[in-house]
2 protein chains.
Amino acid sequence: MRTDVNIQSKYYSFNVSDREKGVYVMINCNEFNAKTKVLLIDDNYEHLMGIKELISLENDIDVVAAATNANIALNLIKKYQPEIVITDMNMPEKDGLTAIQEIKKVNTDIKIIALTAYDDSDLIFRAMKLGAKSYILKTMASSQLIRAIHEVVQGKIYLPQGLVTGFFEYFQQSFKESTKVDIPSYLDELTYREEEVLDMLTQGHNYKDVANLLYISETTVKTHVNNIFQKLQVNDRTQAVLYALNHGFVSKRKQKSLVS
Amino acid sequence: MRTDVNIQSKYYSFNVSDREKGVYVMINCNEFNAKTKVLLIDDNYEHLMGIKELISLENDIDVVAAATNANIALNLIKKYQPEIVITDMNMPEKDGLTAIQEIKKVNTDIKIIALTAYDDSDLIFRAMKLGAKSYILKTMASSQLIRAIHEVVQGKIYLPQGLVTGFFEYFQQSFKESTKVDIPSYLDELTYREEEVLDMLTQGHNYKDVANLLYISETTVKTHVNNIFQKLQVNDRTQAVLYALNHGFVSKRKQKSLVS
DNA sequence: AGAAATATCAACCCTAAGATTTAGATATTT
DNA sequence: AAATATCTAAATCTTAGGGTTGATATTTCT
C-alpha cells in the first residue's frame with residue numbers, strides 16, 4: 001500500500017524555472033481507455049503538478065488535461081470531455097464558484113470536485129449549492145481525494161466527515177433567517193377575501209383584472225385593497241406586494257403540502 | 001467490545017401485554033450525574049424500549065425520559081432539560097418535523113437526532129433544514145446511533161456517509177430551480193441609472209421619493225421608469241418590481257461580495 | 001335578537017402614475 | 001465629424017390608483 005501523503009506536500013514541488021512562464025496547459029492524449037478521465041484546474045503550478053502526480057499513481061484514473069486558468073480549462077473540457085473536473089477554488093482570474101457554474105453550463109453531467117487550502121464553510125456551502133459533487137481540503141490526506149474521485153464516479157456525493165459540521169452549520173443558519181417568520185406580521189389580520197386579492201396583486205394584476213378574476217366589481221376590489229393597505233400599514237400596491245413577499249405571504253388557497 | 005446490533009432489532013421487543021395501554025411515559029430520575037441527558041420519542045413502544053436499552057448500555061449516556069407522543073415529550077423536555085432528544089419522524093399525532101420545530105421553540109440549544117425506518121431524502125433534507133443535528137436510520141447498526149450521540153454532544157453535526165448523497169441530491173435539486181436564472185432576463189438591458197431607479201422601486205418608494213433620493217426631477221424619474229417598462233415589457237411599477245424580484249435582480253451598487 | 005365582522009357595490013373626488021413627444025448636455029464610439 | 005447611448009428635463013394628456021362616505025346582505029358570535 002502506498003504512503004498516504006498530504007495533498008499539497010512539498011514532495012511534489014517542481015523546479016519552477018524549468019517551465020515556461022504564464023498560463024500553463026498540459027494535455028495527456030491517452031484518450032482511448034476505460035480509465036476515469038479527470039481534468040485539473042489550479043492556478044498554482046506546483047499544486048497542479050503535485051495533484052497530477054498523486055492521481056496518476058492510481059491505475060483507474062487518467063488525468064487527460066490540466067490548466068492553471070479556468071478559462072483555458074473550459075475549452076479543454078469541451079475538447080476532452082472529462083467525467084470529473086477537480087478545481088481549486090481560490091484563483092485570481094476566475095474564481096472557483098463561477099468556474100463551477102460555467103463548467104455546468106458546458107455539460108451538466110461533468111462531476112466537479114472542489115479543492116481549497118483552508119476550511120471555509122461559506123465557500124463549501126456555496127460550492128455544494130452550485131452542484132459540486134465533493135469538497136476536499138488540500139491539507140487532507142491524499143487518500144481523501146482519491147476516495148472522493150472513486151465515490152463521485154459511482155454517482156455519489158462525498159463530503160469528508162470533518163467538513164460536514166461546518167457545512168451544516170452554514171446550511172441551517174441560512175434557513176434560520178427565513179424560518180423566523182415569528183416576527184409579528186400583519187398578514188394574518190387579513191380576511192380570506194383580502195388574501196385572495198393580495199394574492200392577485202402579487203401576480204402583477206391590476207384592479208380591473210382582479211375584478212374580472214374574482215367576479216366582483218372594481219369598486220369592491222378597491223375597497224378590499226384599501227382595507228389591505230390599512231392592515232399592512234402601507235401606502236400603495238407596490239408596497240403591499242413587497243410586504244407580502246418579505247413576510248412569506250402564501251395565500252390560504254395555496255397552503256397545501258407545504259410544511260416549510 | 002459489545003456486539004453491534006440493528007437498532008430496531010427484534011432482540012429488543014418486549015411483551016406488549018405487560019404494559020398499560022395508551023400513551024407511554026417513562027422517567028428516569030437519575031438527574032445528578034455527569035452523563036449526557038437524552039430524551040426519546042417514538043410512537044412505537046417496542047422501538048422506544050429497544051432504543052432505551054441500547055443507549056443505556058453506554059456508561060456516559062443517561063435516558064432521563066421517553067414518550068410515545070411528541071406532545072407529552074414537550075412537557076418532559078421542559079421538566080428534565082435533556083441535552084439531546086432522539087425522535088422518530090413517522091408518528092401519527094404530531095409528525096417529526098413539527099416536533100423538531102416545537103422542541104426548538106422550547107429551547108434552541110437542545111440537540112435533536114432524527115430517526116426513521118427508511119431512507120427518505122426529502123425528509124432528511126427537511127429535518128436538517130429545521131436544525132436537526134443528526135439523522136439516523138433504524139436499519140443502521142446501533143453503533144451509528146451511539147456515534148451520533150457522541151458527535152452531537154461535542155457540538156458536531158453527524159450525517160452517516162450513506163445518507164450524504166441522498167441529502168445533497170435533494171439539496172442541490174432544490175437550488176437548481178432558483179439557480180436557472182439563465183432564462184433570458186431583460187434586466188441586463190437596463191442602464192446603471194435605470195437600475196438605480198428600479199432598486200428604489202423595489203424598496204417601495206414612489207416617484208417623488210426616488211426623485212429626492214437621486215437628486216433629479218420627478219419627470220426624469222418618469223422617463224427612466226418608462227424606459228424600464230419598455231425594456232422589461234411590463235405595464236406598471238408593481239409588475240416591474242415583481243419582475244426584478246423573480247429574476248434575481250441585484251442593483252449594481254449592491255453587487256459586492258455576492259456570487260450566490 | 002342584537003352586535004360584530006365580512007363581502008358586496010355606488011358615487012364622489014383627487015392625485016400619482018403611466019404614455020408620448022421633444023430636446024439639451026455629455027460621453028463614447030466609429 | 002458624425003453617430004450612438006445615456007442622463008437629464010419640460011410640457012401635455014389620460015387613466016388607473018387611491019381615499020372617503022355610506023349602504024345592503026350575510027354570516028358568526030354572544
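Note on naming: letters A, B, ... go to the chains in the order of the sequence lines (proteins, then strands), and numbering restarts at 1 for each one.
- Contacts between residues 210-221 of chain B and DNA chain D, defined by a heavy-atom separation under 4.0 Å, are made by Ile216(B), Ser217(B), Thr219(B), Thr220(B).
- Here the closest non-hydrogen pair linking Met128(B) and Gln172(A) is O-NE2, 2.9 Å.
- Listed nucleotides dA17(C), dA7(C), dA16(D) differ in distance to Tyr192(A); the shortest reach to its side chain belongs to dA7(C).
- Taking every heavy atom of both residues into account, Val225(A) and Leu201(A) meet most closely at CG2-CD1, 4.3 Å.
- Under a 4.0 Å N-O distance rule, the pair Lys138(B)/Asp42(B) qualifies as a salt bridge.
- Distances shorter than 4.0 Å separate some side-chain N or O of His224(B) from OP1 or OP2 on dT8(D).
- Put simply, CG on Leu232(A) is 15 Å from C1' on dG18(D), counting in whole angstrom units.
- Ring centers of Phe171(B) and Phe171(A): under 6.0 Å apart, within the cut-off.
- Considering only residues two or more places apart in sequence or on other chains, Tyr207(A) meets the ring pair (Phe, Tyr, Trp, His ring centres under 6.0 Å) condition with none of them.
- In this structure, CG of Leu201(B) is placed 16 Å from C1' of dG17(D), rounded to the nearest angstrom.
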Test ring-ring contact (aromatic ring centres under 6.0 Å, His included) applied to Tyr135(B) and Phe125(B), step by step | CA-CA 10 Å; Tyr135(B) 201 108; Phe125(B) 177 70; over 10 Å; no
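- By the 4.0 Å N-to-carboxylate-O rule, Glu102(B) lies too far from Lys105(B) to be salt-bridged with it.
- Under 4.0 angstrom from either OP1 or OP2 of dT6(D) there lies no side-chain N or O belonging to Arg193(B).
- Under 4.0 Å is where a charged nitrogen must lie from a carboxylate oxygen, and between Lys111(B) and Glu83(B) no such pair does.
- Between the C1' atom of dA19(C) and the CD1 atom of Ile228(B) lies a distance of 15 Å, rounded to the nearest Å.
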Classify every nucleotide of nucleotides 19-30 of chain D by which part a protein heavy atom approaches to under 4.0 Å, writing B for the base, S for the sugar-phosphate alone and - for neither, in 5'-to-3' order.
-> BB----------
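- Comparing Glu189(B) and Lys208(A) by the nucleotide of DNA chain D whose heavy atom lies nearest to each, the residue mapping closer to the 5' end is Glu189(B).
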